[in-house]
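The structure appears right after this line, and notes come after that.
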Amino acid sequence: IKAIDGSHLWSKTYDRELKVKELFAVQEDIATCVADELKLTFGIDKASKQLGGTDNMEAYENFLVAKVQITNWQRDLALRSIEKAIELDPEFALAWTLRVVIYWYQLAFTPGYRVNSDQDLGLKAALRAVELEPNLAEAYYSLGLARLLRSEFIEAESAYREAMKRSYDPINCHYFGLNVYSIAVGNFERANEFIEAFRQGDPLNSTNYMNSLIISGILGDVQQAEDKYAMGNALFDQGWEGPSISMFRLGAKDVITPEEIVGSSKEFEVVKAYPDSPKEGLAELRRIYIDDSKLDSGRFMNISVLAAYYGDYDFAMESLEKAVSINGAWLYFSWFPVMKEVRQLPRFKEWAKEIGLVDYWKEYGWPDLCHPVGDDDFVCN
């Protein structure tokens with residue numbers, strides 16, 4: 001029925017012999033007929049589907065389940081669901097892009113998880129998505145994320161730009177790590193634009209709120225970071241982003257109390273126990289660091305920041321290198337104020353050149369906290 005004037009656009013009567021055992025078959029038959037008729041009436045192509053999508057409903061269901069499992073931090077279950085989706089439809093490009101996101105979580109938060117660069121499952125998944133759907137924005141977003149994880153910054157920039165040519169979508173920018181990538185390479189203004197754009201559509205996303213807090217802290221506005229932390233406690237769980245605010249407090253004060261450290265991992269318990277005792281605190285951090293098979297890459301980054309607080313900048317640099325070698329996204333921790341002296345080490349400068357960060361800056365612009373000195377040197381604040 002046409003809503004404006006009430007006239008009939010289409011109608012038809014369906015008569016079927018109704019038997020209880022055949023009830024669902026009759027329902028499906030009628031529903032299929034009606035759907036086909038309406039597609040013709042409204043000019044909808046029967047074969048149309050989402051770009052990069054699938055016609056296999058079981059594959060699509062597993063894809064949707066995997067997305068929910070990621071949100072609930074059920075990484076192993078999400079991996080099984082997305083692998084099932086890909087098994088059911090190997091040409092389901094969006095499933096391949098989601099495989100990259102799961103890989104990111106594995107590298108970030110799974111203790112002892114390491115993958116040799118020659119066997120990078122994330123990169124292979126992203127390249128497969130691009131191969132299947134060269135015009136799919138999500139495929140290039142996932143390729144940018146895969147390149148970031150490998151610390152391939154110029155290649156990541158190129159992939160992300162290709163993605164935004166096809167579709168600038170704040171959700172995908174967030175979901176595939178473009179905001180984190182922008183922080184990692186020192187482009188805080190761009191990161192903040194993505195963060196704010198996503199916040200308009202999903203103001204209660206705790207991860208995005210965390211990134212907003214981190215931008216404030218990196219730019220030196222610790223009070224604004226504190227305000228966002230307090231607001232986050234009201235919106236989410238108490239202590240929702242304790243590690244980040246603790247790191248900014250460590251960078252802002254010469255003396256800190258145990259009550260100001262919010263974090264449940266062993267590294268933060270060390271600082272609570274030895275807030276003003278660098279010798280004892282560093283000894284405990286090294287004990288944790290040595291048993292690296294039990295640590296995820298994020299905890300190496302925690303150790304780096306806390307070692308910098310205690311004044312052992314070489315140890316902080318060593319742990320930073322370890323974290324980024326596993327997951328390039330953790331580079332964004334290097335911009336925290338507590339890491340200022342680490343950024344000024346000759347070793348940091350050499351490392352930044354080795355991983356291609358300096359080449360990235362030369363091509364796309366220097367970050368606010370670093371500037372070139374001559375043709376072959378630079379200084380970071």
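It should be emphasised that the depicted structure is a prediction, and the values quoted were computed from it without experimental measurement. For this chain, numbers begin at 1 and follow the sequence in order.
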Ring-face cation contact, Tyr209 with Arg199, 6.0 Å cut, 45° max: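 Here Arg199 fails the 6.0 Å and 45° test against Tyr209.
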
Do [Y] and [X] meet the salt-bridge criterion of a basic N to acidic O distance under 4.0 Å?
{"X": "Arg287", "Y": "Glu284", "value": "yes"}
{"X": "Glu350", "Y": "Arg347", "value": "no"}
{"X": "Glu241", "Y": "Lys228", "value": "no"}
{"X": "Glu152", "Y": "Arg147", "value": "yes"}

Evaluation steps, side-chain contact (heavy atoms from CB on, under 4.5 Å), between Asn187 and Tyr364: CA-CA 10 Å; Asn187 196 335; Tyr364 291 106; over 6 Å; no

Parallel under 30°, tilted from 30 to 60°, perpendicular over 60°: which one fits the rings of Tyr181 and Tyr360?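 The arrangement is perpendicular - the two ring planes meet at more than 60°.
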
Should the pair Trp361 and Trp366 be assigned to parallel (<30°), tilted (30 to 60°) or perpendicular (>60°) ring geometry?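 Tilted.
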
Could you check Leu295 against Ile303 for side-chain contact (heavy atoms from CB on, under 4.5 Å), going step by step and ending with a plain yes or no? CA-CA 11 Å; Leu295 300 180; Ile303 292 171; 4.1 Å; yes

Short question: side chain of [X], backbone of [Y] - any donor-acceptor pair under 3.5 Å?
{"X": "Arg150", "Y": "Gly328", "value": "no"}
{"X": "Thr54", "Y": "Asn56", "value": "yes"}
{"X": "Arg249", "Y": "Glu260", "value": "yes"}

Answer yes if the ring centres of Tyr289 and Phe300 are under 6.0 angstrom apart, and no otherwise.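 Here the rings of Phe300 and Tyr289 have centres that are less than 6.0 Å from each other.
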
Test salt bridge (Lys or Arg N to Asp or Glu O under 4.0 Å) applied to Glu138 and Arg166, step by step: CA-CA 9 Å; Glu138 287 90 338; Arg166 288 159 175 79; over 6 Å; no

Cluster link Val185 to Trp351, ILVMFWY, side chain under 4.5 Å: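 Result: yes, single cluster for both.
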
